[in-house]
Amino acid sequence: MEQLLNLIDGELRPALGGGWLDVHAPATGTVYGELPDSDQCDVELAVQAAHRAFPAWNALGRDGRSTVLLRLAQAIEDDLEGFAHDESRDNGKPLSLARRVDIPRAIANFRFFATAILHFPSEAHLMDDVAVNYTDRQPIGVVGCISPWNLPLYLFTWKIAPALAAGNCVVAKPSEVTPLTAFRLSTLCEKAGIPSGVLNIIHGLGPKVGAAITAHPRLPAISFTGGTRTGAEIARVAAPMFKKLSLELGGKNPVLVFADCDFDEMLKTTVRSSFTNQGQICLCGSRILVERSIYTKFRDAFVERVKALKVGDPSDPTTDLGAVVSKGHMENVLGYIELARSEGGTVLCGGERVQLDGMLQEGWYIAPTVIEGLGPVCRTNQEEIFGPVVTLQPFDGEADAVALANATPYGLASVIWTRDGQRALRVARDLNAGIVWVNCWMIRDLRTPFGGVKQSGVGREGGVDALRFFTEAKNVCLKL
Ligand code: NDP
């Protein structure tokens, strides 16, 4: 049994209350370790440590902090295999995906923000002969970061890297469902030279640890990625305290396939955008909208490809889909498939749990599922399922495609497939989404603004937006 610990004030320690929670391996459905069942007392200890550490961390300056964060990036890279195995074991995702995407991206997050801070500009505004204004951007102090289970280290570091680079100290909570790589990271901090108290990692349940971070009066900024319902609860608590909030929430992303697209490229990428990480990426396209003239051709070719995907052992390099993250989540996703059937949808492939052999018999696997025959207003096409399930809907013309695409409460990402450049520009402009990919998916430049509209969130992360979020702007006006 692995025993995970909190990182508070540079020390690895159990929860003050002494309680533990089980951690499961989705591939086998078994318990492999335990993590501290922390509460507000652990959060309090961390907040105090972070406030003590803040003046020296801030005084280190951009160069000093950059050097330390680059060392941390290197330490992760030196242990890439260990991190990738842990991420796959904890989350159920294919090891090949963790090795190729999750861990390299976590390293890139630290490298990117460690160097971005060196180039973070401040503005000056000259008023002819009257005065000069300059914008002084200072770190907030101590901030709270809360992240989800789907891309555990990738999204955890996407928050803590800019927060630390900007000069803040951090109290962070990874998802209790996937705590392992955050714990592994905490074991590297001392070696990398992160001073005690600068980064504190508290494990435990959302309603205890997450809620304590959200409500803590000495954490004036909260960066959260997770479900829309949790985001609403965080906003409810934090807004009357006038906290700065960044909320990256759920999605129900449309993929718009026009008849003039590069069919082969579209098909290949749409299989990926539907089922990578078992469909558990907030950017996955879950509603595929297809121009009617190619609907049947698309449906048949797509279903054939999806049937050929291999659901299997996450450590097998030939596996396309591993396990979904938890038993509860598996039941939730299977429940949505039943709902789709009861709403009149036709399951074209998948639609059930997959039972593997031997050690994997009790693992939480779902066959990639494609559903057709449902209109835009049913729950299946309105609610986020966040699993290996997509629906197909035909459309007639551009206006119909845009109306269908925008017909949910969400607005995170969308994908357009067309060879017509003018149409791509028009449709991209008209989509209610924070992110639009044209003829591609998941190409990420860390300098670009990342986030959603409507119920997909508030604020933007990435590049200069993240550094601005984690600093307070002060205008200084000098009379000439
Ligand atoms: P949750 O909202 O359930 O949890 C996210 C984090 O919040 C976890 O660490 C969780 O802890 C914690 N939490 C739970 N309750 C509270 C609370 N009351 N106060 C403070 N923190 C709390 O999301 P999931 O982990 O299930 O992640 C999946 C969701 O994340 C999907 O909706 C997905 O779309 C979204 N997401 C959005 C992204 C974006 O960039 N827009 C990117 C990736 C995912 P614990 O796990 O311990 O309960």
Side-chain angles (χ1 to χ4, degrees), residues 4 21-24 35-40 43 90-91 102 105 144-159 171-180 182 201-216 219 222-238 243 245-253 276-286 324-326 328-330 332-333 336 383-387 408-413 433-435 442 444 448-462 465-466:
L4 282 57
L21 298 164
D22 287 342
V23 207
H24 294 84
L35 83 163
D37 182 10
S38 314
D39 62 22
Q40 68 208 43
V43 171
D90 209 20
N91 177 275
D102 291 74
R105 172 57 192 277
C145 297
I146 304 174
S147 58
W149 49 256
N150 62 323
L151 302 168
L153 193 67
Y154 173 141
L155 289 173
F156 190 65
T157 54
W158 180 235
K159 297 184 176 304
V171 177
K173 186 195 116 47
S175 171
E176 151 256 332
V177 184
T178 54
L180 191 53
I201 300 176
I202 318 287
H203 296 282
L205 297 167
K208 279 164 83 174
V209 177
I213 289 175
T214 306
H216 201 291
L219 296 174
I222 306 289
S223 174
F224 170 79
T225 298
T228 294
R229 200 173 308 142
T230 316
E233 169 62 12
I234 288 174
R236 189 188 66 75
V237 174
K243 293 193 179 206
L245 276 184
S246 171
L247 302 174
E248 298 293 338
L249 310 177
K252 189 74 181 172
N253 306 317
T276 300
N277 205 38
Q278 298 72 248
Q280 302 167 135
I281 302 182
C282 55
L283 305 169
C284 279
S286 54
V324 299
V325 77
S326 67
H329 189 55
M330 177 183 73
N332 195 33
V333 173
Y336 267 110
E383 297 178 15
E384 184 183 43
I385 300 175
F386 213 55
T408 76
Y410 295 103
L412 185 56
I435 299 158
M442 267 291 258
R444 290 280 294 117
T448 58
F450 180 94
V453 300
K454 301 197 284 186
Q455 291 192 18
S456 290
V458 177
R460 293 293 179 272
E461 297 186 338
D465 289 288

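The basis for the numbers below is simple: all heavy atoms, side chains too, and nothing from hydrogens, waters or symmetry mates. Numbers for residues simply follow the sequence, beginning at 1. Read the numbers this way: they start at 1 and go in the same order the structure lists the ligands and their atoms.
Annotation for ligand 1: atoms under 4.0 Å from non-hydrogen atoms of Glu248 are 37 (C), 39 (C), 40 (O), 41 (N). Distances below 4.0 Å separate heavy atoms of Phe450 from the following atoms of ligand 1: 40 (O). Distances below 4.0 Å separate heavy atoms of Gly204 from the following atoms of ligand 1: 47 (O). Annotation for ligand 1: atoms under 4.0 Å from non-hydrogen atoms of Thr214 are 20 (C). Shown in contact with Gly227 at under 4.0 Å from a heavy atom are these atoms of ligand 1, numbered in order with element: 1 (P), 2 (O), 23 (O), 29 (C), 30 (O), 32 (O). Close contacts between ligand 1 and Ala211 involve ligand atoms 19 (N), 20 (C) [criterion: under 4.0 Å to a heavy atom]. Ligand 1 places these atoms under 4.0 Å from at least one heavy atom of Leu155: 42 (C), 43 (C). Taking every heavy atom of Leu205 and a limit of under 4.0 angstrom, the matching atoms of ligand 1 come to 47 (O).
A distance-only check finds a donor-acceptor pair linking the side chain of Arg460 to the backbone of Gly452 [under 3.5 Å]. No donor-acceptor pair under 3.5 Å is formed between the side chain of Glu461 and the backbone N or O of Ala466. In this structure, the side chain of Lys159 does not engage the main chain of Ile146 through any donor-acceptor pair within 3.5 Å. At distances below 3.5 Å, at least one donor-acceptor pair connects side-chain atoms of Asn277 with backbone N or O atoms of Asn150. Using modelled atom types, one side-chain atom of Lys173 and one backbone atom of Gly204 make a donor-acceptor pair closer than 3.5 Å.
What sits closest to atom 27 (O) of ligand 1 on the protein, heavy atoms only, is Pro148 CB, 3.3 Å. Closest to atom 41 (N) of ligand 1 among all protein heavy atoms lies Leu249 O, 2.7 Å. Scanning the protein for heavy atoms near atom 46 (O) of ligand 1, the closest one is Ser175 OG, 2.8 Å. The single protein non-hydrogen atom nearest to atom 17 (C) of ligand 1 is Gly206 O, 3.6 Å, given as residue, atom name and distance. The shortest contact between atom 11 (O) of ligand 1 and any protein heavy atom is with Lys173 NZ, 2.9 Å. Nearest non-hydrogen protein atom to atom 9 (O) of ligand 1 is Ser147 O, 2.7 Å. When hydrogens are left out, the protein atom nearest atom 24 (P) of ligand 1 is Trp149 NE1, 3.2 Å; that is the closest non-hydrogen contact. Of the protein's heavy atoms, Thr230 OG1, 2.6 Å lies nearest to atom 2 (O) of ligand 1.
Annotation for His203 and Ser38: closest pair O-OG, 2.5 Å, computed over non-hydrogen atoms. The minimum heavy-atom distance linking Gln455 with Thr228 is given by the pair O-OG1, 2.9 Å. Minimum heavy-atom separation, Asn91 to Trp149: ND2-O, 2.8 Å. Between Cys284 and Thr276 the shortest heavy-atom distance is SG-O, 3.8 Å. In plain terms, the two heavy atoms of Thr178 and Val325 that are nearest each other are CG2-CG2, 3.9 Å. Closest of all the heavy-atom pairs between Pro148 and Ser175 is C-CB, 3.6 Å.
Under the 3.5 Å distance criterion, with hydrogens and angles disregarded, no donor-acceptor pair is assigned to the side chains of Tyr410 and Glu384.
For atom 7 (O) of ligand 1, the nearest protein heavy atom lies closer than 4.0 Å.
Taking a 4.0 Å cut-off on heavy atoms, Gly457 fails to register as neighbouring ligand 1. Residue Gly452 places no heavy atom under 4.0 Å from ligand 1. For Gly231, the closest heavy-atom approach to ligand 1 does not fall below 4.0 Å.
At a heavy-atom cutoff of 4.0 Å, ligand 1 is contacted by the side chain of Ile234 but not by its backbone. If you look at Gln280 next to ligand 1, there are no close heavy atoms at all, none under 4.0 Å. Residue Asn150 touches ligand 1 through its side chain alone, judged by heavy-atom distances below 4.0 Å. Proximity of Leu412 to ligand 1, defined as any heavy-atom pair under 4.0 Å, is confined to the side chain (atoms from C-beta onward).
Distances between N or O atoms of Glu384 and those of ligand 1 include at least one value under 3.5 Å. On a distance-only criterion, Glu233 and ligand 1 share no N/O pair closer than 3.5 Å. The shortest N or O to N or O distance between Ser456 and ligand 1 is not under 3.5 Å.
With a 4.5 Å cut-off on side-chain heavy atoms, Phe450 and Ile435 count as touching. The side-chain heavy atoms of Val23 and Pro179, taken from C-beta on, include a pair separated by under 4.5 Å. Inter-residue side-chain proximity for Thr214 and Phe224 is flagged as unmet; no heavy-atom pair is nearer than 4.5 Å.
Ranked by closest heavy atom to atom 20 (C) of ligand 1, the top entry among Gly434, Gly210, Cys284, Ala212 is Gly210.
Atom CG of Leu35 sits about 7.5 Å away from atom CG of Asp37, to the nearest 0.5 Å.
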